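Okay, so here's the structure we're looking at.
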Amino acid sequence: MPHHALEITLTRPASANALGRAARELPLAANHDATRLMALVAAKTPQRAAQRLRHRLDARLPIDVITTHYPDADHAVLLNVAFPPTAHAALTTGARHARQTPEHFMELALRRALTEHANQEIDRLHQAVRELLAHSTPAYLLAAVGHVLTRLPERPTP
C-alpha cells in the first residue's frame with residue numbers, strides 16, 4: 001500500500017504533551033512553532049490517507065486543514081477541511097442547488113476565487129508598471145527589474 005505525505009495545519013500551536021500523545025498514535029514531524037506537522041500515512045488514495053489521518057488525530061490535535069504535501073500528476077493538491085456544522089450545511093445546500101457534489105462545488109468556488117485573486121494581482125502590477133513608466137524609459141525599467149531579480153535571495157516561487 002502506498003504512503004502519502006500529508007501536511008497538517010493546526011488552528012493554534014500544539015503543546016508538547018498534545019504532540020507527544022499524537023505522535024504515539026502516528027509519527028509526526030513538527031515545524032519550529034508546532035503549528036504545522038508532517039505525516040506519512042499508508043492508504044490506497046490521498047483522499048483516504050487524509051480521512052484516516054483526520055480520524056486518528058482529530059481528537060488529539062486542533063487540526064484546521066490537511067493537505068497533500070506533493071501535487072498530483074495534474075499539479076493539484078488535496079485539501080481536507082472539516083467545516084463547522086452551519087458552514088457544512090450551507091455548502092451542502094449550495095451544492096444541491098447547483099446540482100453538484102459538495103466537493104465539486106467547493107473546488108469550483110476555490111478555482112474562481114484563485115482566478116479572481118490572480119487577475120487582481122495582474123491588474124495591480126500592470127498599474128504599478130504604468131506608473132513607473134511615467135517617470136522612466138522602458139529600457140531603464142527593464143534594466144532595473146533585471147538588476148533586482150538577479151540579486152534576490154533564493155526563495156520558492158508561489
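Both backbone and side-chain heavy atoms feed into the values below; hydrogens, waters and symmetry mates do not. Bear in mind that the values here come from a model prediction, so they are computed numbers and not experimental data.
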- G94 and F105 have their tightest heavy-atom pair at O-CE1, 3.5 Å

- Note on the structure: Heavy-atom nearest pair, A50 first then N80, reads CB-ND2, 3.8 Å

- Item | Validation row: L6, T68 side chains within 4.5 angstrom (heavy atoms) | yes

- Message: Set out, in order, the CA-CA distance, both residues' side-chain angles and the distance that settles side chain to side chain contact (heavy atoms under 4.5 Å, CB included) for H55 and Q51, then state yes or no.
- Response: CA-CA 6 Å; H55 177 74; Q51 290 169 350; over 6 Å; no

- Within-4.5 Å side-chain heavy-atom neighbours: P13 and D33: no

Ignoring hydrogens and angles, write down the donor-acceptor pairs under 3.5 Å from the side chains of residues 136-147, residues two or more places apart or on other chains.
from: T137; atom 1: OG1; to: Y140; atom 2: N; distance (Å): 3.2
from: H147; atom 1: ND1; to: R151; atom 2: NH1; distance (Å): 3.2

- Find the distance between NE2 (H126) and CD (E131) and round it off to the nearest 0.5 Å. 10.5 Å

- Give, for atom CG of L78 and atom NE2 of H4, the distance between the pair rounded to the nearest 0.5 Å. 10.0 Å

- Establish whether L132 and V148 are linked, either directly or via other cluster members, by ILVMFWY side-chain heavy-atom contacts under 4.5 Å. yes

- State the CE-OG1 distance between M106 and T92, to the nearest 0.5 angstrom. 10.0 Å

- Does CZ belonging to R52 count more than 12 external heavy atoms closer than 6.0 Å? yes

- Examine V41 and V65 and state if one hydrophobic cluster contains both, with Ile, Leu, Val, Met, Phe, Trp and Tyr joined whenever side-chain heavy atoms are less than 4.5 Å apart. no

- Does L133 share a hydrophobic cluster with L149, counting links as ILVMFWY side-chain heavy atoms below 4.5 Å and allowing steps through other members? yes

- Query: Is I63 close to L37 at the side-chain level, that is, under 4.5 Å between some pair of heavy atoms?
  - Reply: no

- Query: Looking only at atom types and distance, does a side-chain atom of D74 sit under 3.5 Å from a main-chain N or O of A76, one as donor and one as acceptor?
  - Reply: no

- Note on the structure: Distance col, row T35:OG1 vs I8:CD1, nearest 0.5 angstrom, shows 11.5 Å

- Please determine, by modelled atom types, if S15 and N17 share a side-chain donor-acceptor pair under 3.5 angstrom. no

- Does any non-hydrogen side-chain atom of L110 lie less than 4.5 Å from one of L79? yes

- Got a donor-acceptor contact below 3.5 angstrom from the R12 side chain to the P62 backbone? no

- Query: Looking at CG of L61 and CG of L26, how far apart are the two atoms once the value is rounded to the nearest 0.5 Å?
  - Reply: 10.0 Å

- Message: Using a strict threshold of under 4.0 Å (side-chain N to carboxylate O), is an ion pair present between E107 and R111?
- Response: yes

- Which residues share a salt bridge (Lys or Arg N to Asp or Glu O under 4.0 Å) with R99, sequence neighbours left out: none

- Message: Nearest 0.5 Å, please: how far is CG in L125 from CD in Q120?
- Response: 12.0 Å

